[in-house]
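Below is one structure, written out as structure tokens; the observations come after it.
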Amino acid sequence: MARSTGLSGFPEWLPEGRLVELEVLDTVRRVFELHGFTPLETRSVEPVDVLLRKGEIDKEVYAVRRLHADAADDDTLALHFDLTVPFARFVVENAARLDFPLRRYQVQKVWRGERPQEGRFREFTQADIDIVDVDVLASHHDAEMALVMAEVFASMPFLPRATIHVNNRKVLEGFYRGLGIEDVPAVLRAIDKLDKIGAAKVRTLLLEAGLAETAADQVLALAAIRGADGTVADKVRALGVTDPLLDEGLAELVAVVEAAQRVHPGAVEADLHIARGLDYYTGTVYETTLEGFESFGSICSGGRYDALATDGRTTYPGVGISLGVTRLVSLVLGRDLARATRKVPSAVLVAVVDDDSRSASDAVAHALRARGIPCEVAPRAEKFGKQIKHADRRGIPYVWFPSAEGDTVKDIRTGDQVGAEAATWTPPDTDVLPRVVAATDIDEGAS
RNA sequence: GUGGGUGUAGCUCAGCUGGUAGAGCGCUGCGUUGUGGUCGCAGAUGUCGCGGGUUCGAGUCCCGUCACUCACCCCA
């Protein structure tokens, strides 16, 4: 089993866990590139004032400085805590050299100083896609973000079913404004906790925030609305609150949900209680839960930011969504949802008959590798029983026995052993590389 | 940062009102003397998180400390 102890919040997986993580990383890269997103990496470090630009002084960032820095060196750097803010900075800095609308993906580690907990780390990997344009970004990209991620999830059948919940900040803010609510951030924060603490406690929070009872009830009624088509807007309007911003938000929200529904039915739904704190989001917001693990939190979130990237003269509105790779992998490994079919890439262990004939075994390995079959040569010329055990422990499915009378290869799962030539023998496609499959499939196969 | 819980073998854990450390799994060897897995037998492994105190004696009680963990906050 993979472990994540050691330095709390800085997870390290065992090899079999890393194979699961790589499967996720390979999948996101493949799907992102299939959709034309171009790769980008930004430096790990930003000036503190870039990271905390929006006045969010309480962000838990890690400061970075030279061990030998003198007091005079006050250029404070910090590790980035997400990929959106550095990307916005990068866009503004390189706008003259970039082509818009810009579609980019970015997969990197980020750092946050918060107290670690299950699924919450201090160092973790995010996989982001964003699209930014100049002055105005077409609204159909809001649906596209969710659809690309829906495809990522569909490409990992070992995962529980993922639902991308979509809302629109304009809907919430317009609705609240129509109700005459003043402290919108406080209401957003309260609504964001609905899943965790329930409607009754949220209502108490709302009353504490100064809402009238009727307003609190209206806010909760809005938050309870869900759906995957235009009827969502009807349900909101039935609450009787009117506001121009509300109408604008509803139109955007319905457009996103209906567009997604046409391509990936069931993967995306409008959920009017998604609020997303008080960040830089201005319109569409996303949050993703896995069926059966809703309380684990969102594994893929994001939203539209119309004002994050600006040089004062030109604004680059964007929309993006971020997959929490480490959180997702920690869930898969921690709950044993899926496993790699073996711990090492090798499909074949080439046995060594005796120390003098190691070169013959090396030649077999060379021939197999030349045809793309990962293999390794036994480390010691031990009794064959031990060499087979070596393979068995690691999950290597085949052991190759070189012999002057003709080589043989044994499938140690079935015990079948047949004559074979290194220049032509090929394992089934499913055995060439380790695969990641649902744990239940492995358990059934073993029994 | 605030509050609760837990630290004993590689892993999961037991160890009563203080008496000198155990189980299962795993590991090693043998049976099977160059074809593993099952089974049987034998064997190895611990600064009991760390430091101090009480005591004839501390894994056990007290104080401190560190780590991990859960909740708040925030979020992937």
Side-chain angles (χ1 to χ4, degrees), chain A residues 1-11 14 24 28 56-61 80-84 106-128 149 162 185 188-190 192-193 195-197 201 205 274-279 281 285-290 293 295-303 320-331 334 349 351-355 357 378 380-403 408-417 446:
Chain A
M1 192 61 257
R3 60 159 53 174
S4 60
T5 51
L7 255 188
S8 175
F10 295 86
L14 291 171
V24 175
V28 299
E56 300 151 311
I57 313 164
D58 51 303
K59 282 269 187 208
E60 289 280 4
V61 302
H80 57 217
F81 60 82
D82 72 5
L83 301 178
T84 308
Q106 196 171 339
V107 181
Q108 283 180 248
K109 291 259 170 78
V110 304
W111 294 266
R112 295 183 190 174
E114 298 149 359
R115 274 267 203 285
Q117 260 170 57
E118 185 183 32
R120 293 181 46 190
F121 302 94
R122 291 180 151 175
E123 177 180 72
F124 57 100
T125 301
Q126 291 192 316
D128 278 40
M149 283 301 183
L188 288 177
R189 257 180 279 124
D192 211 33
K193 292 179 188 160
D195 280 339
K196 236 171 188 174
I197 64 178
K201 287 183 183 166
L205 286 177
I274 303 296
R276 305 256 65 225
L278 57 146
D279 274 315
Y281 297 120
V285 288
Y286 317 92
E287 231 169 66
T288 308
T289 53
L290 292 176
F293 302 93
S295 64
F296 193 75
S298 173
I299 53 152
C300 182
S301 307
I321 188 164
S322 172
L323 175 71
V325 174
T326 306
R327 173 173 287 185
L328 179 62
V329 170
S330 78
L331 177 73
L349 176 77
V352 175
V353 178
D354 54 49
D355 287 326
S357 69
R380 284 175 292 276
E382 296 172 298
K383 291 193 289 188
F384 286 158
K386 288 203 178 178
Q387 297 193 42
I388 291 171
K389 208 170 187 175
H390 176 100
D392 191 34
R393 288 236 175 88
R394 292 162 178 75
I396 300 172
Y398 298 95
V399 177
W400 191 284
F401 297 98
S403 165
T408 55
V409 64
K410 172 172 182 155
D411 181 337
I412 65 173
R413 297 162 299 189
T414 60
D416 295 341
Q417 187 165 348

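In what follows, chains carry the letters A, B, and so on, assigned in the order in which the sequence lines appear, proteins first and then strands, with residues in each chain numbered from 1. Keep in mind that what you see is a predicted model, and the values were worked out from it rather than measured.
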[X] near the nucleic acid: base, sugar-phosphate alone, or nothing, with a heavy-atom cut-off under 4.0 Å?
{"X": "V110(A)", "result": "nothing"}
{"X": "I299(A)", "result": "sugar-phosphate"}
{"X": "G302(A)", "result": "nothing"}
{"X": "R122(A)", "result": "nothing"}

Would you measure the distance from the [atom1] atom in [N] across to the matching atom in [M] and give it in whole Å?
{"N": "rU38(B)", "M": "rG22(B)", "atom1": "C1'", "answer": "27 Å"}
{"N": "rC25(B)", "M": "rA42(B)", "atom1": "P", "answer": "14 Å"}
{"N": "rG64(B)", "M": "rG4(B)", "atom1": "P", "answer": "12 Å"}
{"N": "rG7(B)", "M": "rA14(B)", "atom1": "P", "answer": "7 Å"}
{"N": "rG49(B)", "M": "rG59(B)", "atom1": "C1'", "answer": "12 Å"}
{"N": "rU17(B)", "M": "rU55(B)", "atom1": "P", "answer": "22 Å"}
{"N": "rG24(B)", "M": "rA44(B)", "atom1": "P", "answer": "15 Å"}
{"N": "rU60(B)", "M": "rG19(B)", "atom1": "C1'", "answer": "11 Å"}

task = Write down the distance between CD (E382(A)) and P (rG36(B)), rounded to a whole number of angstrom.
result = 14 Å

remark   = Looking only at heavy atoms, the pair that brings Q417(A) and T408(A) closest together is NE2-OG1, 2.9 Å

May I ask you to evaluate whether [X] reaches the phosphate of [N], defined as a side-chain N or O under 4.0 Å from OP1 or OP2?
{"X": "Q117(A)", "N": "rA71(B)", "value": "yes"}
{"X": "R393(A)", "N": "rC27(B)", "value": "yes"}
{"X": "S8(A)", "N": "rU69(B)", "value": "yes"}
{"X": "K386(A)", "N": "rG37(B)", "value": "no"}

ask   = Is any side-chain heavy atom of T125(A) closer than 4.5 Å to a side-chain heavy atom of V329(A)?
value = no

query = So do the side chains of D195(A) and S295(A) get within less than 4.5 Å of each other, counting heavy atoms only?
reply = no

Taking only the side-chain heavy atoms of [X] (C-beta and beyond), determine which of [options] contains the nearest atom.
{"X": "Q126(A)", "options": "rA76(B), rU35(B), rG36(B)", "result": "rA76(B)"}
{"X": "K383(A)", "options": "rU35(B), rA76(B), rU33(B)", "result": "rU33(B)"}
{"X": "F401(A)", "options": "rC75(B), rU35(B), rC74(B)", "result": "rU35(B)"}
{"X": "K196(A)", "options": "rU33(B), rC74(B), rG37(B)", "result": "rC74(B)"}
{"X": "F124(A)", "options": "rU33(B), rU35(B), rA76(B)", "result": "rA76(B)"}
{"X": "L7(A)", "options": "rU2(B), rC68(B), rC74(B)", "result": "rC68(B)"}

task = Answer with yes or no whether R327(A) presents, from its side chain, a donor or acceptor under 3.5 Å of a partner atom in the base of rC75(B).
result = yes

ask   = Ignoring hydrogens and angles, are the base of rA76(B) and the side chain of R112(A) linked by a donor-acceptor pair under 3.5 Å?
value = yes

key: Nearest-nucleotide 5' precedence on RNA chain B, I197(A) against L323(A)   = I197(A)

note = Of A351(A) and E118(A), the one whose closest nucleotide on RNA chain B sits nearer the 5' end is A351(A)

inquiry  = Going by the rule ring-ring contact (aromatic ring centres under 6.0 Å, His included), which residues pair with F401(A) if we only count those two or more places apart in sequence or in a different chain?
reply    = F384(A)

ask   = Name the stems with RNA chain B in them: runs of three or more consecutive Watson-Crick or G-U pairs, distances under 3.5 Å?
value = B:1-7 with B:66-72, B:10-13 with B:22-25, B:27-31 with B:39-43, B:49-53 with B:61-65

